[in-house]
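Following: one structure in structure tokens, then a few remarks.
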Number of protein chains: 2
Amino acid sequence: MLDDSSPDLASGLRHTLTRLYLTLRRNAPLGDISAAQGSALALLHDHGPMRMGEFADRESIRMPTATALIDGLCREGLVSREPDPTDRRAVLISITPQGVDAVDDIRSRRDDAVTRALADLSEAHRSAIAEALPALRDMQSRLENYDRK
Amino acid sequence: MLDDSSPDLASGLRHTLTRLYLTLRRNAPLGDISAAQGSALALLHDHGPMRMGEFADRESIRMPTATALIDGLCREGLVSREPDPTDRRAVLISITPQGVDAVDDIRSRRDDAVTRALADLSEAHRSAIAEALPALRDMQSRLENYDRK
DNA sequence: TATTGTTATACTCTATAACTATA
DNA sequence: TATAGTTATAGAGTATAACAATA
């Protein structure tokens, strides 16, 4: 019988989550774009336009790093920069339609890999995962909140 | 009613797994060591000594990259290199006791974060996760095998 | 000749420090 | 004077190409 609150559950879960993510990443690689670019595009895709400084904060990188990263993405047409009309020191960075396509593409390739793996599972295993998904979401939001403790 | 085999389950699971991993990484950062170093140490910790070429293959990096990465870890005393007694062209790289400590330390800090999040969940959510863990392991091993399709 | 690894070189991502322009 | 970003410079991680040593 499994003891829910044991460190074994936490350690087993940590290990499995880590391997699942890394395997998924390996299964559907980013291809042309780097990990830093992929993360930047996903943020701009999900959050919408933002200032350079907010982008740097959310990506946990420094401003000069953000400048260089965004410059590269602009050169490739995946991101665009506009002066902020309310503050002439600032710039607003946005994902382009081409950038949206790049994010959607990688996500759908990863979804396909997960769909295939789920289809190969037993019905019992598949439904166990379906029933745990809300609990995993709950755990994720709690972990996220510890960040700003 | 949730349709287990729907793309929605795959997409929701992919999203939650991704966020869980990234949040966990952010919650318990590697600190002094880089991501590449952490991955290298985890591999050597779990697999044991190996040749430079096998290390490069398993990390999906090129040999010159592996040489530089291992050189850095050697300088920090986390990894050691020995000539392979059976083939004088080759070297065997191993994790040192200090490197083992570094891996154990980061893993235990991540386990602590997961333990805390699990403890904060409802009993129903915690047991849903406990019951899904074998299914998640099953899914992970299937995804891993697709890699060598 | 084929294999194992290293050296030389270059590009990206990361950082700190110093600078410019605007508030 | 403080804030938003950029430029200058440096270190780590990545790659390809060319090389050295050994099988």
Side-chain angles (χ1 to χ4, degrees), chain A residues 22 25-26 29-44 47-94 99 102 106, chain B residues 22 25-26 29-44 47 49-95 99 102 106:
Chain A
L22 295 176
R25 205 172 60 174
R26 187 168 172 163
L30 296 175
D32 287 340
I33 68 181
S34 72
Q37 288 179 320
S39 177
L41 288 176
L43 172 62
L44 292 170
H47 182 279
M50 68 185 74
R51 286 184 173 194
M52 191 65 83
E54 182 181 0
F55 171 78
D57 279 351
R58 287 183 181 265
E59 287 294 89
S60 301
I61 59 178
R62 303 297 174 171
M63 286 272 279
T65 304
T67 298
L69 184 53
I70 293 298
D71 279 357
L73 288 166
C74 285
R75 264 180 261 119
E76 297 175 39
L78 302 173
V79 160
S80 65
R81 307 170 40 134
E82 304 289 339
D84 183 334
T86 74
D87 183 342
R88 283 189 299 165
R89 294 171 302 179
V91 295
L92 286 174
I93 58 188
S94 317
I106 174 65
Chain B
L22 295 175
R25 205 172 62 172
R26 188 169 172 164
L30 295 174
D32 288 339
I33 67 181
S34 73
Q37 288 179 322
S39 177
L41 288 176
L43 172 61
L44 292 171
H47 181 279
M50 68 185 74
R51 284 185 174 193
M52 190 65 83
E54 182 180 0
F55 172 78
D57 279 351
R58 287 185 181 264
E59 288 293 88
S60 300
I61 58 179
R62 303 297 175 172
M63 287 272 279
T65 305
T67 298
L69 184 53
I70 293 297
D71 279 358
L73 288 166
C74 284
R75 264 181 259 119
E76 297 175 39
L78 302 173
V79 159
S80 64
R81 309 170 38 133
E82 304 290 340
D84 183 334
T86 75
D87 183 342
R88 281 189 302 167
R89 293 171 304 180
V91 296
L92 285 174
I93 57 189
S94 318
I95 193 168
I106 174 65

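Numbered from 1 within each chain, the chains take letters A, B, ... in sequence-line order. This one's a predicted model, so the numbers in the text were calculated from it and none came from an experiment. Just so you know, these numbers use all the heavy atoms, side chains as well, and skip hydrogens, waters and symmetry mates.
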- Note on the structure: Against the side chain of A:Gln37, the closest entry in C:dT22, C:dC13, D:dA21 is C:dC13

- Message: Can you work out whether A:Arg75 or B:Met52 has the more 5'-proximal nearest nucleotide on DNA chain C?
- Response: B:Met52

- Please report, rounded to the nearest Å, how far the P atom of D:dT14 is from the CG atom of A:Asp32. 18 Å

- Message: Just the rounded figure in Å: distance from C1' of D:dT6 to CD1 of A:Ile70.
- Response: 14 Å

- For C:dT12, does OP1 or OP2 lie under 4.0 Å from any side-chain N or O of A:Ser34? no

- Query: Between D:dG5, D:dA23, C:dT12, which one does the side chain of A:Met63 approach most closely?
  - Reply: D:dG5

- Task: Mind checking A:Asp84 for me? I need base, sugar-phosphate or nothing, with any heavy atom below 4.0 Å counting as a touch.
- Result: nothing

- Message: Could you check whether any side-chain heavy atom of A:Arg25 comes within less than 4.5 Å of a side-chain heavy atom of A:Leu22, counting everything from C-beta outward?
- Response: yes

- Carefully, step by step, assess B:Glu76 and B:Asp32 under the rule side-chain contact (heavy atoms from CB on, under 4.5 Å). CA-CA 11 Å; B:Glu76 297 175 39; B:Asp32 288 339; 6.0 Å; no

- Query: So, is B:Thr65 near the phosphate of D:dG13, with a side-chain N or O under 4.0 Å from OP1 or OP2?
  - Reply: no

- Item | N or O in side chain of A:Arg88 less than 4.0 angstrom from D:dT3 OP1/OP2 | no

- Message: If you assign B:Pro64 and B:Gly72 each to the DNA chain D nucleotide with the nearest heavy atom, which residue ends up on the more 5' nucleotide?
- Response: B:Gly72

- Message: Check the phosphate of C:dT16 against A:Arg62, side-chain N and O only, distance under 4.0 Å to OP1 or OP2. Yes or no?
- Response: yes

- Message: So, does A:Arg81 get its side chain near the phosphate of D:dT6, meaning an N or O under 4.0 Å from OP1 or OP2?
- Response: yes

- Would you say a side-chain N or O of B:Thr67 is under 4.0 Å from OP1 or OP2 of C:dG5? no

- So, do B:Val91 and B:Arg51 sit near enough that their side-chain heavy atoms are less than 4.5 Å apart? no

- Are A:Leu78 and A:Ile33 side-chain neighbours, meaning at least one heavy-atom pair lies under 4.5 Å? yes

- Message: I want to check something: taking the side chain as every heavy atom from C-beta on, are A:Gln37 and A:Leu30 in contact at a cut-off of under 4.5 Å?
- Response: no

- 5′-ward residue of the pair B:Arg89/A:Arg89 relative to DNA chain C: B:Arg89

- Query: DNA chain D: A:Gly53 or B:Ser60, which has the more 5' nearest nucleotide?
  - Reply: A:Gly53

